[in-house]
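Whatever order the structure lists them in is the order used to number ligands and atoms, beginning at 1. Just so it is clear, the structure is predicted and the values come from calculations on it, not from any experiment.
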Amino acid sequence: MTAAEVWAPGARPSRPYTGGVKRVALLGATGSIGRQAIEIVAAHPDLELCAAASGSAPLDDVDAPLKQVGGDLTELLEQAQPDVVLNAVVGFAGIHATLWALEHGVDLALANKESLVAGGELALAALRRGGGRILPVDSEHSALYQCLEGREVDQIHSLVLTGSGGPFRGRTRDELADVNVEQALAHPTWTMGPKITIDSATLANKGLELIEAHFLFGIPYARIDVVLQPTSIVHSLVRFRDGATLAHLGYPDMRVPISYALTYPERASTPLAPLDFSSLTLEFQQPDTGTFPMLALAREAGERGGTAPCVFNAANEVAVAAFLAGRLPFLAVSDVVADALAQTDGAPARDVSDLLEADAAARRLAEQGLSVA
Ligand SMILES: NC(=O)c1ccc[n+]([C@@H]2O[C@H](COP(=O)([O-])OP(=O)(O)OC[C@H]3O[C@@H](n4cnc5c(N)ncnc54)[C@H](OP(=O)(O)O)[C@@H]3O)[C@@H](O)[C@H]2O)c1
């Protein structure tokens, strides 16, 4: 599938939203994205929550007719029949909801990048069958989507994903040997949930985003670059074949891409101040993949294809949970992931049960890796 087929404004969902109030199913309502999404929905008269879900936290203060804590998210979606699913669950746990939305041709506002990274080809096949669309919520992919909109794929030279570099940008490996959880959670520009914040510190997040961009826009890995832009003002760029480069700029605030995805194509107003150019610093640097190997490991997993991205994601989830629990040093996160990747053949998943097995096997390998790290 080409970029145009994924995001072409003309592509109609098989169960199209036909105007009026748009009914949003919010999965991960208690999280960082979930809370900001509730604020966006509350501020917009044409949006309403028809369902909300969390993993284990109570939803008492969430105003939605259908609520579910834990359990099978597809049952909630079947009951709610939403116009749009905002998948803001963290991790591979979001896979079934992503596939449900794609299979049913319901718009998928996707924050849960792990499901597209791990589900890759299966997700795109479900998207083709369902005839719906993915509206990216990740700020970089929302930026790319906006720069790309209306363009033919063959006009694109390359995509450039930007990243802040996280709290440890500029450090050497020696300087990272003893970093603790609190230091790794101190992100310089974004306030996010703990898993993605650690992923930002290791650059695994940029690696996941690289694979996410490949699947979303159908661009080969060799034509997706990553550049660091420490203040997170430039959210990503597209280079076109004629030498022109379009960039998306804005303050680092997830309410903008959430609002864009939920109100697409309306681009509703948000409480954000316009960009003030008198105080901007725009500096670009190359990522240090020697100190932060997760970006190179993700690229390698993406290029291998099959279930290698699923293995990368699963091993990373295990390693990050261990780091957060104080069971693994920061630098060993990439060792656990590299070992898991080296021990798997990455054979393609023919169906969801293959994918679930690949995820489970990678988690077992990573757990074994923890004991030797
Ligand atoms: N935060 C950001 O700024 C940001 C930016 C770009 C992309 N993203 C992506 O958005 C996703 C969410 O990130 P976040 O930072 O919002 O994470 P978070 O703050 O940790 O929130 C995660 C949410 O997922 C829920 N959840 C976990 N497992 C679940 C399950 N099995 N069933 C239903 N709900 C489940 C959690 O519920 P409980 O509270 O009950 O655990 C919580 O509501 C991630 O994929 C992340 O990479 C986030």
*Please name the residue in the list Thr98, Val89, Asn112 that meets the side-chain contact (heavy atoms from CB on, under 4.5 Å) test with Leu27.*
Val89
*Set of side chain to side chain donor-acceptor pair (under 3.5 Å) partners for Asn180, sequence neighbours left out*: none
*For Glu140, check side chain to side chain donor-acceptor pair (under 3.5 Å) against everything at least two apart and list the hits.*
Lys206
Which atoms of ligand 1 are found less than 4.0 Å from any heavy atom of [X]?
X: Ala93; answer: 31 (N)
X: Thr30; answer: 36 (C), 37 (O), 38 (P), 39 (O), 40 (O), 42 (C), 43 (O)
X: Gly28; answer: 23 (C), 24 (O), 25 (C), 43 (O)
X: Lys113; answer: 7 (C), 45 (O), 47 (O)

*Looking at side-chain heavy atoms only, is the closest gap between Gln285 and Pro230 below 4.5 Å?*
yes
*Between Phe240 and Arg151, is there a cation-pi geometry (under 6.0 Å to ring centre, at most 45° from the normal)?*
yes
Would [X] count as a polar contact of ligand 1, with the cut-off being nitrogen or oxygen pairs under 3.5 Å?
X: Gly193; value: yes
X: Asp138; value: no
X: Ile33; value: yes

*If hydrogens are left out, which of Pro194, Ser32, Ala52, Ala88 has an atom nearest to atom 20 (O) of ligand 1, that is, the closest non-hydrogen atom?*
Pro194
*Which of the listed options, Gly55, Pro58, Ala37, Ala97, holds the heavy atom that is closest to atom 37 (O) of ligand 1?*
Gly55
